[in-house]
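Worksheet: the structure to be examined is printed underneath.
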Amino acid sequence: MSEPLLLSTDVLVIGGGPAATWAALSAREAGADVVLVDKGYCGTSGTTAPAGTGVWYVAPDPEARAKAKASREELGGFLADHAWMDGVLEQTWTNMNRLAVAGRYPFPVDPETGRQIRTGVQGPEYMRRMRAWVRRAGVTIFDHSPALELLTDASGQVRGAAGYHRHEDRDYRITAGSVVLASGGCAFLSKALGTDVNTGDGALMAAEVGAQFSGMEFSNAYGIVPKGSTITKTAYYGFATFFHEDGRVLEGAGSLRGRSQIARALLHEKVFAQLDRADTTQQQQMRIGQPNFFLQFDRRGIDPFTQRFEVDLLAEGTVRGTGGLDVIDRTCATTVPGLFAAGDAATRERICGGFTGGGSHNSAWAMSSGTWAGRGAAQFALHAGRVGHREVFGAGRVGLRPSGVGASLTAAEVVAAAQTELLPFDKNYIREGNRVSPALAQLDALWEATSAGLGGTGIERVRARQAAAITAVGRWMYESALARTESRGMSKRDDFPELDPGQHHHILTGGLDAVWTKPAPVAA
């Protein structure tokens, strides 16, 4: 391996999706020098790049925005904050308009009004334009360069990150005045489209420097897919009827509400769907809006509007859940000085409470939180100044520096063991204390073994850190789920099926060897 690459910058952004690129752009426009490191190729990696997505884009009309805010309050368990929702609606309106002009995004035009339709984006083109825009702004991008650990100074302030350039087989250490974690959520390597880079690495790195999380119980999102597919475009299943294996209608099954009925049925039989509730106009609009959704059917010779097809559920974890790093103010600062969070890496409870879908709010949150985190990180960094490489220390441990003698576990073994506890519907989706508690106990034991015996060199360190992160996210998720003894948002409990007004609070969590939870009040 070559000598490590040593760099210094004002703001380091970790990630390569919409939140990361908006953060990098915002920090650069605030006067900071910015370096962005992405595990994949910035512009093509992550869940946004391979698909189209709606955006929570609402005109600045009080009545329209009030309706938009109310649309998911009940679904989210009344945990959202109206001040944050107002801020996201306003920032998203601004950013989408900027994307059209400065970002040069070719929004479609309404033939009747002649105005651009800015309520959604095609992921491949969106991220291609964001990469080009960020580079024009002067941001330095390192692709295929996963960050492995955060760097801190003697006071505990985050001061950069160390990682690995895959193509050059070379380590890097980048010191910075501040860091934005926009590394995405964690989908447990379930094979959902675009989530292969979403393994919770940023969450693990943040926990190692003492950051806390919020809403991790709301991390059991499962997307509907045709059997054997990876494309989780669940919104289109709002037009579907679901069927038992014997052809009977599966009562209560649905996309927005009733997904748990699909999960229960899948435990003992095959389930089928047909998009039979879409009229001719809607069918045409759907094909235009999500062409890759229909490609899988076309290749199989299936007309999903007139023929039934077998379906399955894929775990999407915090990618479509709402849990993530707790952010303490509108700069999206975490509880650790110098560390900011955006997109799926940060809690989305502020605008969604305990439930969200596949696009819309998620897209709006990515661009808004990215903008705020980038601006906040730039202000912090320009005040804090830079630091020398001899003044910082690597915070990484599990998967990087085993506590035992010699590596006795492989990353593949750890991932497989974690998935056994995290992917099954009857453990993570249809939750009950007597099933979640044993699963958590297995993850705790796995964490202990991983701490002692998982390591590696070169690319194996990346896989080891992914395995450790998946295990860590699962532990925070299950501890939080057990602490919420009710059903609220997407965290449903079979043993506590009702919403409890006495638990109208957030649940914070954190810790590594010893995981903790505690309640936190909801904003008035």
For a quick check under 3.5 Å, do [X] and [Y] share a side-chain donor-acceptor pair by atom type?
X    : Y    : result
T318 : D344 : no
T356 : N362 : yes
T509 : T517 : no
K39  : T199 : yes

Is the NZ or CZ atom of [X] both under 6.0 Å from the centre of the six-membered ring of [Y] and within 45° of that ring's axis?
X    : Y    : answer
R320 : F218 : no
R170 : Y164 : no
R330 : W84  : yes

Gap separating the OG atom of S480 from the NZ atom of K518, nearest 0.5 angstrom: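 NZ of K518 is found 12.5 Å from OG of S480.
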Value rounded to 0.5 Å, distance of CG in L204 from CD in Q466: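 So the CG of L204 and the CD of Q466 are separated by 11.0 Å.
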Verdict with reasoning, R131 to D143, per salt bridge (Lys or Arg N to Asp or Glu O under 4.0 Å): CA-CA 11 Å; R131 179 186 176 96; D143 298 304; 3.0 Å; yes
Of all pairs that satisfy ring pair (Phe, Tyr, Trp, His ring centres under 6.0 Å), the ones with a partner from residues 178-202, not counting sequence neighbours: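 For residues 178-202, and leaving out neighbouring residues, there are no ring pair (Phe, Tyr, Trp, His ring centres under 6.0 Å) pairs at all.
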Verdict with supporting geometry, D81 and R350, salt bridge (Lys or Arg N to Asp or Glu O under 4.0 Å): CA-CA 5 Å; D81 184 322; R350 301 292 181 264; over 6 Å; no
Aromatic ring proximity, centroids under 6.0 angstrom, W372 and W22: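 Not under 6.0 Å, so no.
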